[in-house]
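Below is one structure; the comments refer to it alone.
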Amino acid sequence: MTVEQIEEKQSAPADSPGSGAGTRRQYAQEVLALARRWWIELLRERLNLVFSLAQPAIWLVFFGAGVERAIDTKVIGTDDYIGFMLAGIVTFTIVGNGVSGAMPLLWDKETGYLDRLMSMPIARSSVIVSRFVFQVAQQSAQILLVVLVALALGVRIATGPFGMLVILLTAALLTMSVTAAFSALAYAVPQHGTFFAVAGFVSLPLLFMSNAFVPLEAMPVWMEVVARLNPLTYAIEAMRTLVLNGWEPRVAASLAVLLFAGAICLALGTWQFRKQTGERVRG
Amino acid sequence: MSPAIETVALRKTFGDNVAIDALDLSVERGDVFGLLGPNGAGKTTTIRMLTTLLAPDSGAARVCGFDVSAQPSEVRQRIGYVMQRVAYRGLLTGRECVEIEAALYHLPRREIPVLAEAALDAVGMLPHADRRWTTYSGGMQKRLDLACGLLHSPEVLVLDEPSLGLDVQSRHNVWEFVADRRLGGATILLATNYLDEADRLCNKVAIIDHGRVVVQGSPSELKRSVGADVVEVATREPERLRRVIETERWVKKIVIGELGDLHIFVEDAAVALPAVMRIGLEHGIGLERVTYSQPSLDDVFLLHTGRELREVAMAP
Ligand SMILES: Nc1ncnc2c1ncn2[C@@H]1O[C@H](COP(=O)(O)OP(=O)(O)OP(=O)(O)O)[C@@H](O)[C@H]1O
Ligand SMILES: [Mg+2]
């Protein structure tokens, strides 16, 4: 997005002082206007809203009340099964939302509204950035709700309120990566059928090939290797450590890996977006 | 002042398909310029290049003096674009659509509600502003698009088949809309398949086919260039009739349209009409219908391309 802003500054007439500030204000206006669009849609799709808000909390209760009894606490290394599952369920939600969150971009592309947007004097990136901002905000609200439900179910977060903040931050980072990756897919596919086929194909393995349900230590070696290549693993590790253990160095290490994965996904997303709009004139 | 739109040897290919081939257009400020041509002629492709949605392969296109490739943001600020296809806008109401797009054009935040109302009012959509746009009829959706296109009072308004699929009433609304914009000083580029629309609204038209300008000028100039009158004859044996009257002195040119009608371009219909009937009778060629008309843009197109635009345009 910085590149876009620089380009805009250069093309702005030289005799308009303060055009840089104006550009930044305009950029904010664009992102807000587009986010307003997402926001209205979310409110109108009430059923969708209720389900997506409640779903992770329901998972948590379900796991807490039922699955807990079938679990060998020696394998997961803690008595607090709900606390153990919390990170996994947060991640679960993020992946699910990543798929549904890329859909509006897909529709805009397919129905031609993207063209309408691209004919306007807006920075190219505001289309994607608005979606990211929106997704992260929506996701944070959802995760806050799950965490509150977990607290109500008796989970105690080892790192306290500040740790909770870091959990939200971790989730936001993962949301960025996942949203970027699925947006890249939305822009790359020839039509929506392909998107759903691929998204459906990758989501579940992505979750099962991570430490969402089983800690890395309890995995067979080959599975651990696969899980270590999966960015979800690091988000889960960071969040789980913050919930169960406290401030440990591996939290920082996991966040670093996540940041790196986020950068790659973002580059991928930008690349596909540019490719999609590549026939068009840049600006 | 630089022309509103100028293209020089503009070219665009899709693989082997040459969509636009050496296109030269010049649209003066204040013109209502009609881009005419059958399906696939390259109207939308031209418009997509002018609205910076498609990069030209070669040649240049300038809008208000700004090059579409080198200064796209300058161009985007000055154009309003109404697409051929109605834009999909999710679950929003008409008013929300317009307000959001107003913000995307960076209109001052405080003025947006007022400007949005004015734009909706200009297309007669104010009474329906607070309904979801998906509940609108096709014509109303198109008018919503028009409202969005004029929000920021663009210097150049680009309308891609604005009255496609509209009923008579809605078409008249669109025409009034165009006439109003013109009075407001805007330049309008209008792609259309409807020749009557172009005839009525445009002060200049360019007929394009296979990505090239076939002929351009004001509608009356073009019609004058056809000749005085056109006699249309419907018959089962168009080829034979053509052969027997081809040599007549009063015939300037004969073209057979796609429905098999004979279009005979003549000096004076008063002489030609009885002559055609007499010759038909003499040779025993049954004539089903004989009419004559002042030349229309249709005839202009037919004369220059040997094909009829009307049938093409009538097809859904
Ligand atoms: N994205 C594309 N990829 C490949 N070919 C294309 C593409 N867009 C247009 N074409 C081709 O370019 C030519 C011109 O198409 P264009 O859409 O400009 O026609 P048009 O004059 O707008 O026709 P219509 O009256 O049907 O809207 C056609 O042969 C079309 O098949
Ligand atoms: Mg078209």
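Values reported hereafter were calculated over all heavy atoms of this structure, with side chains retained and with hydrogens, waters and symmetry mates removed. Below, chains carry the letters A, B, ... as their sequence lines are ordered, and counting in each starts from 1.
- Summarising the geometry of Gln77(B) relative to Pro121(A), their closest heavy-atom pair is CG-CB, 3.8 Å, with the distance given to 0.1 Å.
- Applying a 4.5 Å heavy-atom cutoff, the residues of residues 99-113 of chain B that approach chain A are Glu99(B), Ile100(B), Glu101(B), Ala103(B), Leu104(B), Tyr105(B), His106(B), Leu107(B), Arg109(B), Ile112(B).
- Heavy atoms of Leu117(A) lying under 4.5 Å from chain B belong exclusively to its side chain.
- Of the residues considered (Ala33(A), Ser119(A), Gly112(A), Pro104(A)), Ser119(A) shows the highest number of contacts with chain B, using heavy-atom pairs under 4.5 Å.
- For Arg78(B), no part lies under 4.5 angstrom from a heavy atom of chain A.
- For the pair Arg76(B)/Met118(A), no side-chain contact is recorded, criterion being any heavy-atom separation below 4.5 Å from C-beta on.
- With a 4.5 angstrom heavy-atom cutoff, Cys97(B) does not touch chain A via any of its atoms.
- Interface summary for chain A: among Gly80(B), Gly149(B), Cys148(B), the most heavy-atom pairs under 4.5 angstrom belong to Cys148(B).
- Heavy-atom contacts from other residues, nucleotides or ligands closer than 6.0 Å to CH2 of Trp38(A) number more than 12.
- The 12-atom threshold is not exceeded at CZ of Phe51(A), counting heavy atoms of other residues, nucleotides or ligands nearer than 6.0 Å.
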Under the criterion side-chain contact (heavy atoms from CB on, under 4.5 Å), I'd like the reasoning laid out for Arg36(A) against Glu96(B): C-alpha separation, chi angles, the key distance, then a yes or no. CA-CA 9 Å; Arg36(A) 182 180 167 205; Glu96(B) 287 160 351; 3.9 Å; yes
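- Under the 4.0 Å criterion applied to side-chain N and carboxylate O atoms, Arg48(B) and Asp115(A) are assigned as salt-bridge partners.
- Interface residue Glu45(A): backbone and side-chain heavy atoms are both found under 4.5 Å from chain B.
- The neighbour count for Leu47(A) CG, taken as heavy atoms of other residues, nucleotides or ligands under 6.0 Å away, does not exceed 12.
- Using a 4.5 Å heavy-atom cutoff, the side chains of Leu91(B) and Arg37(A) are not in contact.
- Using modelled atom types, one side-chain atom of Arg116(A) and one backbone atom of Tyr81(B) make a donor-acceptor pair closer than 3.5 Å.
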